[in-house]
Amino acid sequence: MKLSPEERRQRREAFRQLSRTKKLEHIWLYYKAPILAVILALGILLSGLYRAVTSKVPTVYLACLNVSMGETLEGELTEGFIRDQGLDTRRSEVRLYKNLYLSDNPAASDHEYAYASRMKLLATINSKELDLVLMNREAYDLCSASGYLLDLTNLVDSVYLTANQVILEDNSVEYSLNEAQEYTAVTETVYNALELIPLSAFQEAGFSGSVYIGVIANTPRLPACQDYLDYLLSPGLS
């Protein structure tokens, strides 16, 4: 109902005569919904601004497959690379996926973990949010055979280049369904990883076996990957 000017004047006068507490109660009673809406909108705005200011842009994405490392090496592989590129560590990062586990024949207790890790790996590859993989020999064999890794022949000139088998085609489906008596595959040998253990930084990290790094074949950040491999082979790390 629309109030007359006189009624509005009387209400304003009555409101002015209220105590501070009563005024606050009156405002909250009649304007609760718009106040809450404004508070919510401000919260969303401030949250978005905070994320925009503090979030880091991934320069490259790196996954650790069957490999764990200490803080010193992790710092060299993440913040060390960002600083080497002349970037601000507060705004740029190496996005690291840690503790992924791949196995062709995991123990029963590790089966769900291995399955979840494989799904995570496939999801990041398909979404193009994975560029490099740091891996032990088992994970390297699996990634190579699956065709996940890029041929590094034209990307890196290094004595640490390592070759592995890539399966071009096989009868794994027929063999698993008992429609073939034996497993057969057509393969080729590809130089698709660098062996890192000869590098001093990895020798000092105390790995018990070989460690490799490869580039994911569908990476959209190939120049950054090349910079990363050059960084690993630089005198500061090697």
Side-chain angles (χ1 to χ4, degrees), residues 58-69 73 76-78 80-81 84-85 94-98 100-105 117-118 120-122 124-172 183-205 207-238:
T59 302
V60 291
Y61 295 81
L62 171 67
C64 296
L65 307 178
N66 302 4
V67 170
S68 59
M69 53 189 165
L73 182 58
E76 291 177 338
L77 297 184
T78 54
F81 172 69
D84 180 78
Q85 297 299 295
V94 173
R95 182 69 55 83
L96 188 62
Y97 303 117
K98 297 194 289 186
L100 297 180
Y101 171 63
L102 292 187
S103 178
D104 199 28
N105 187 27
S117 294
R118 185 178 289 271
K120 173 72 171 181
L121 180 66
L122 290 174
T124 54
I125 290 175
N126 290 334
S127 63
K128 296 186 178 181
E129 293 184 341
L130 183 58
D131 305 303
L132 300 142
V133 281
L134 189 72
M135 51 203 164
N136 72 350
R137 184 70 205 195
E138 182 181 18
Y140 175 32
D141 289 342
L142 290 171
C143 288
S144 179
S146 300
Y148 297 157
L149 304 178
L150 183 71
D151 185 344
L152 300 181
T153 306
N154 298 320
L155 194 66
V156 179
D157 182 15
S158 172
V159 296
Y160 304 128
L161 269 176
T162 304
N164 208 333
Q165 297 296 307
V166 177
I167 297 175
L168 302 178
E169 59 179 87
D170 64 9
N171 67 340
S172 58
Y183 173 76
T184 59
V186 178
T187 66
E188 67 173 347
T189 301
V190 177
Y191 285 89
N192 54 10
L194 290 174
E195 185 174 5
L196 300 177
I197 286 299
L199 307 181
S200 59
F202 289 84
Q203 290 177 358
E204 295 167 2
F207 290 106
S208 59
S210 296
V211 177
Y212 305 86
I213 192 165
V215 176
I216 295 299
N218 72 340
T219 174
R221 290 166 287 272
L222 189 56
C225 292
Q226 185 166 15
D227 290 340
Y228 194 89
L229 297 182
D230 290 342
Y231 166 72
L232 292 182
L233 297 172
S234 65
L237 281 180
S238 59

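Any value given below was found using the heavy atoms of this structure, including those in side chains, with hydrogens, waters and symmetry copies removed. Nothing fancy with the numbering, it's 1 onward along the sequence.
- Across all their heavy atoms, Val166 and Gly147 have their closest contact at CG1-CA, 4.1 Å.
- Contact annotation: the side chain of Val94 never approaches that of Leu132 to less than 4.5 Å [non-hydrogen atoms, C-beta and beyond].
- Formation of a donor-acceptor pair under 3.5 Å by the Thr219 side chain with backbone atoms of Ile216 is not found in this model.
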Check against side-chain contact (heavy atoms from CB on, under 4.5 Å), Val156 and Leu233: CA-CA 10 Å; Val156 179; Leu233 297 172; 3.7 Å; yes
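- Atoms CD1 and CG, on Ile213 and Leu62 in that order, are 5.5 Å from each other to the nearest 0.5 Å.
- Looking at every heavy atom in both residues, Leu121 comes nearest to Thr124 through O-OG1, 2.9 Å.
- Here the closest non-hydrogen pair linking Arg221 and Lys128 is NH2-O, 2.6 Å.
- Judged by distance alone, with hydrogens and angles left aside, the side-chain atoms of Asn126 form a donor-acceptor pair with the main-chain N or O of Leu122 at under 3.5 Å.
- At least one donor-acceptor pair closer than 3.5 Å links the side chain of Ser103 to the backbone N or O of Asn105.
- Every residue two or more places apart in sequence or in another chain that forms a side chain to side chain contact (heavy atoms under 4.5 Å, CB included) with Thr162 is listed here: Arg137, Tyr140, Glu195, Tyr212.
- Nearest heavy-atom pair, Ala201 versus Leu73, reported as atom, atom and distance to 0.1 Å: O-CD1, 4.2 Å.
- Contact annotation: the side chain of Leu134 approaches that of Val211 to within less than 4.5 Å [non-hydrogen atoms, C-beta and beyond].
- Put simply, the side chain of Asn218 gets close to the backbone of Ile125: a donor and an acceptor are under 3.5 Å apart.
- Panel note: side chain Tyr228, backbone Leu77; a donor-acceptor pair is recorded below 3.5 Å.
- To the nearest 0.5 Å, atoms SG (Cys225) and CG (Leu155) are separated by 8.0 Å.
- Looking at Asp131, Thr78, Leu130 one by one, the single match for side chain to side chain contact (heavy atoms under 4.5 Å, CB included) with Val60 turns out to be Asp131.
- Remark: the Asp141 side chain and the Asn164 side chain contain an N/O donor-acceptor pair separated by less than 3.5 Å.
- No side-chain heavy atom of Leu142 sits less than 4.5 Å from a side-chain heavy atom of Met135.
- Applying the side chain to side chain donor-acceptor pair (under 3.5 Å) rule to Thr187 yields the partners Gln165; only residues at least two apart in sequence or on another chain are considered.
- At least one side-chain heavy atom of Leu65 sits under 4.5 Å from a side-chain heavy atom of Cys143.
- Between the side chain of Asp151 and the backbone N or O of Val190 there is no donor-acceptor pair closer than 3.5 Å.
- Taking the side chain to side chain contact (heavy atoms under 4.5 Å, CB included) definition, one finds that Asp230 meets it with Gln226, sequence neighbours left out.
- Closest approach of Asn136 to Ala139, counting heavy atoms only: OD1-N, 2.9 Å.
- Atom-to-atom distance recorded for Ile197:CD1 and Ser208:OG is 8.5 Å, nearest 0.5 angstrom.
- With sequence neighbours excluded, no residue forms a ring-ring contact (aromatic ring centres under 6.0 Å, His included) with Tyr61.
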Evaluation steps, side-chain contact (heavy atoms from CB on, under 4.5 Å), between Leu232 and Leu196: CA-CA 8 Å; Leu232 292 182; Leu196 300 177; 4.2 Å; yes
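- In this structure, a donor-acceptor pair under 3.5 Å is absent between the side chains of Asn171 and Tyr183.
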Criterion side-chain contact (heavy atoms from CB on, under 4.5 Å) on Ser68 and Lys98, from CA distance to verdict: CA-CA 8 Å; Ser68 59; Lys98 297 194 289 186; over 6 Å; no
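- By the side chain to side chain contact (heavy atoms under 4.5 Å, CB included) test, Ser117 pairs with Leu100, Tyr101, Tyr113, sequence neighbours left out.
- Residues satisfying the side chain to side chain contact (heavy atoms under 4.5 Å, CB included) criterion with Glu169, sequence neighbours excluded, are Val186.
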Intermediate values then yes/no, side-chain contact (heavy atoms from CB on, under 4.5 Å), Leu102 and Arg118: CA-CA 6 Å; Leu102 292 187; Arg118 185 178 289 271; 4.1 Å; yes
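- Residues Glu76 and Tyr231 meet the side-chain proximity criterion, which asks for heavy atoms closer than 4.5 Å.
- What you find for Phe207 and Met69 is that their closest heavy atoms are CZ-CB, 4.2 Å.
- The distance from atom CG of Leu161 to atom OH of Tyr191, rounded to the nearest 0.5 Å, is 8.0 Å.
- In this structure a side-chain-to-backbone donor-acceptor pair under 3.5 Å is present from Gln203 to Pro198.
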